[in-house]
Chemist: 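Sharing a structure, written as structure tokens. Questions coming.
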Amino acid sequence: MSDFEQNRAFWDSHSDEYQETHRQHIGRPELRWGLWQLPESDLRILGEVSGKDVLELGCGAAQWSILLAGLGARPVGVDNSARQLEHAREALAAAGLDFPLIHAPAESVPLPDASFDVVFADHGANRFADPYAWVPEAARLLRPGGLLAFSGSTPFEVMCWNEPADRMDAELHLDYFGLHRIEESDGPVQFELPYGEWIRRFRANGFEIEELREIQPPPGAESTYRTAEETEWARRWPMEQIWMVRKGR
Ligand SMILES: C[S@@+](CC[C@H](N)C(=O)[O-])C[C@H]1O[C@@H](n2cnc3c(N)ncnc32)[C@H](O)[C@@H]1O
């Protein structure tokens with residue numbers, strides 16, 4: 001089975017449980033990012049979205065895109081999982097909204113070149129698709145000057161995950177050099193790159209780097225994705241990061 005098929009099967013079979021577990025955490029009425037759902041109004045990653053064409057890669061149940069539509073953006077959601085998109089369709093109907101939801105991999109989106117002002121993901125397809133395939137696709141879909149922003153894991157998080165013990169460690173369990181494709185015994189295939197390689201991928205696809213935001217959970221931060229011990233770990237080492245890169249004009 002290819003990585004693409006394995007991840008599609010994983011998300012189709014885990015979608016209901018995922019939505020049930022995280023519904024309250026990610027379903028709040030304002031834009032929020034990542035593991036600890038930190039407000040966009042504090043982080044200011046996407047900025048003003050009104051009137052912009054915005055593509056969400058790995059939209060899940062479209063919680064983000066629905067809020068973006070309410071702020072005057074023209075969102076399009078792409079996801080590889082039919083079941084996740086069923087949840088998204090139900091959520092759009094409940095919100096009285098109608099925008100495109102596309103069942104496709106982020107590595108190959110059936111839309112024309114230069115269709116979007118913003119391409120983004122919040123622990124979306126960027127974690128589960130090969131950056132050597134999805135970063136060029138994001139570059140193709142963005143207009144000159146367009147923003148690519150995505151949150152995800154970090155090399156630290158991936159290297160310090162002690163899979164047999166099912167916990168974060170202060171020890172490294174994987175090599176940094178060559179970091180790329182990570183497969184756990186019962187999970188989806190995930191991807192992470194060394195920092196130098198991310199920078200080469202961006203520049204090779206015509207992006208200028210604006211910022212790498214390394215997230216340190218603030219006091220009182222809560223998560224349905226991470227335990228209290230893991231949140232403590234993330235106060236010492238970056239567990240989550242947000243890249244902001246801009247396509248050249
Ligand atoms: C962790 S969920 C996050 C979804 C949403 N951002 C949220 O916060 O709930 C990751 C999503 O990425 C989707 N995904 C995984 N691989 C993908 C790919 N190659 N192309 C498009 N979507 C993908 C999954 O189906 C899933 O809906």
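Whatever order the structure lists ligands and atoms in, that order sets their numbers, starting from 1. Predicted, not measured: the structure shown is a model, and the values here were computed from it. Reckoned from all heavy atoms, side chains included, excluding hydrogens, waters and symmetry mates.
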Chemist: Considering the heavy atoms of Phe128, write down every atom of ligand 1 situated less than 4.0 Å from one of them.
Modeler: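 By the 4.0 Å cutoff, the relevant atoms are 10 (C), 15 (C), 16 (N).
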Chemist: With a 4.0 Å heavy-atom cut-off (strictly under), which part of Ala104 contacts ligand 1: side chain, backbone, both or neither?
Modeler: backbone
Chemist: Going by ring pair (Phe, Tyr, Trp, His ring centres under 6.0 Å), Phe150 matches just one of Trp33, Trp134, Trp64. Which one?
Modeler: Trp134
Chemist: Can you classify the ring geometry of Tyr18 versus Tyr225 as parallel (below 30°), tilted (30 to 60°) or perpendicular (above 60°)?
Modeler: tilted
Chemist: Under a 4.0 angstrom heavy-atom cut-off, which atoms of ligand 1 come close to Ala125?
Modeler: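 Per the distance check, 12 (O), 17 (C), 18 (C), 20 (N), 21 (C), 22 (N), 23 (C).
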Chemist: Within a distance under 4.0 Å of any heavy atom of Gln84, pick out the atoms of ligand 1 and give their elements.
Modeler: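 Result: 26 (C), 27 (O).
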Chemist: Quick check: are there more than 12 heavy atoms from other residues, nucleotides or ligands sitting under 6.0 Å from CD of Gln24?
Modeler: no
Chemist: Which atoms of ligand 1 have any heavy atom of His123 under 4.0 Å away?
Modeler: 1 (C), 2 (S), 3 (C), 10 (C)
Chemist: Under 4.0 Å from a heavy atom of Ala129: give me the atoms of ligand 1 that qualify, with their elements.
Modeler: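 Atoms satisfying the 4.0 Å criterion: 19 (N).
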Chemist: Considering both backbone and side-chain atoms of Asp122, is one of its nitrogen or oxygen atoms within less than 3.5 Å of a nitrogen or oxygen in ligand 1?
Modeler: yes
Chemist: Evaluate the ring planes of Phe128 and Trp11, with Trp represented by its six-membered ring, and classify them as parallel (under 30°), tilted (30 to 60°) or perpendicular (over 60°).
Modeler: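 Phe128 and Trp11: perpendicular rings.
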Chemist: What atoms of ligand 1 come within less than 4.0 Å of a heavy atom belonging to Ser81?
Modeler: 25 (O)
Chemist: Which atoms of ligand 1 sit under 4.0 Å from any heavy atom of Ile26?
Modeler: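 With Ile26 as reference, the close atoms of ligand 1 come out as 9 (O).
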Chemist: Quick one: nearest non-hydrogen protein atom to atom 20 (N) of ligand 1, plus distance?
Modeler: Ala106 N, 2.8 Å
Chemist: Using a plain distance cutoff, I'd like to know if Asn7 has any nitrogen or oxygen under 3.5 Å from a nitrogen or oxygen of ligand 1.
Modeler: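 It does not: no N or O of Asn7 is found under 3.5 Å from an N or O of ligand 1.
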Chemist: How close does the nearest protein non-hydrogen atom get to atom 8 (O) of ligand 1, and which residue and atom is it?
Modeler: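 Minimum-distance protein heavy atom for atom 8 (O) of ligand 1 reads Tyr18 OH, 3.5 Å.
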Chemist: Do other residues, nucleotides or ligands put more than 12 heavy atoms under 6.0 Å from the CD atom of Glu214?
Modeler: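 Counting other residues, nucleotides and ligands, CD of Glu214 exceeds 12 neighbours.
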Chemist: Short N/O distance, under 3.5 Å, between Pro105 and ligand 1?
Modeler: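 Such a contact does not occur with ligand 1.
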Chemist: Tell me: protein heavy atom nearest atom 25 (O) of ligand 1, and distance?
Modeler: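 Here the closest protein heavy atom is Asp79 OD1, 2.5 Å.
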Chemist: What protein heavy atom sits nearest atom 4 (C) of ligand 1, and how far away is it?
Modeler: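 The closest one turns out to be Gly58 O, 3.5 Å.
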Chemist: Pair Gln19, Gln63 - check side chain to side chain donor-acceptor pair (under 3.5 Å), show working.
Modeler: CA-CA 11 Å; Gln19 296 303 334; Gln63 287 93 345; 3.2 Å; yes
Chemist: Can an N or O of Trp11 be found at a distance shorter than 3.5 Å from an N or O of ligand 1?
Modeler: no
Chemist: If you have a sec, work out which protein heavy atom is nearest atom 18 (C) of ligand 1 and how many Å separate them, to one decimal?
Modeler: Asn80 CB, 3.6 Å
Chemist: Take atom CZ of Arg181 as the centre, draw a 6.0 Å sphere, and report whether it contains more than 12 heavy atoms from other residues, nucleotides or ligands.
Modeler: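 Check passes, neighbour count above 12.
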Chemist: Angle between ring planes, His14 versus Phe10, binned at 30° and 60°: parallel, tilted or perpendicular?
Modeler: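 Aromatic pair His14/Phe10 classed parallel.
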Chemist: Evaluate salt bridge (Lys or Arg N to Asp or Glu O under 4.0 Å) for Glu208 paired with Arg203, printing each intermediate quantity in order.
Modeler: CA-CA 6 Å; Glu208 292 297 328; Arg203 293 183 65 83; 3.7 Å; yes
Chemist: Looking only at distances, please establish whether an N/O atom of ligand 1 is found under 3.5 Å from an N/O atom of Glu107.
Modeler: yes
Chemist: If you draw a 6.0 Å radius around CD in Glu222, do more than 12 non-hydrogen atoms from other residues or ligands fall strictly inside?
Modeler: no
Chemist: Any ion pair linking Arg226 and Glu157 (charged N to carboxylate O, less than 4.0 Å)?
Modeler: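 Yes, charged N to carboxylate O under 4.0 Å.
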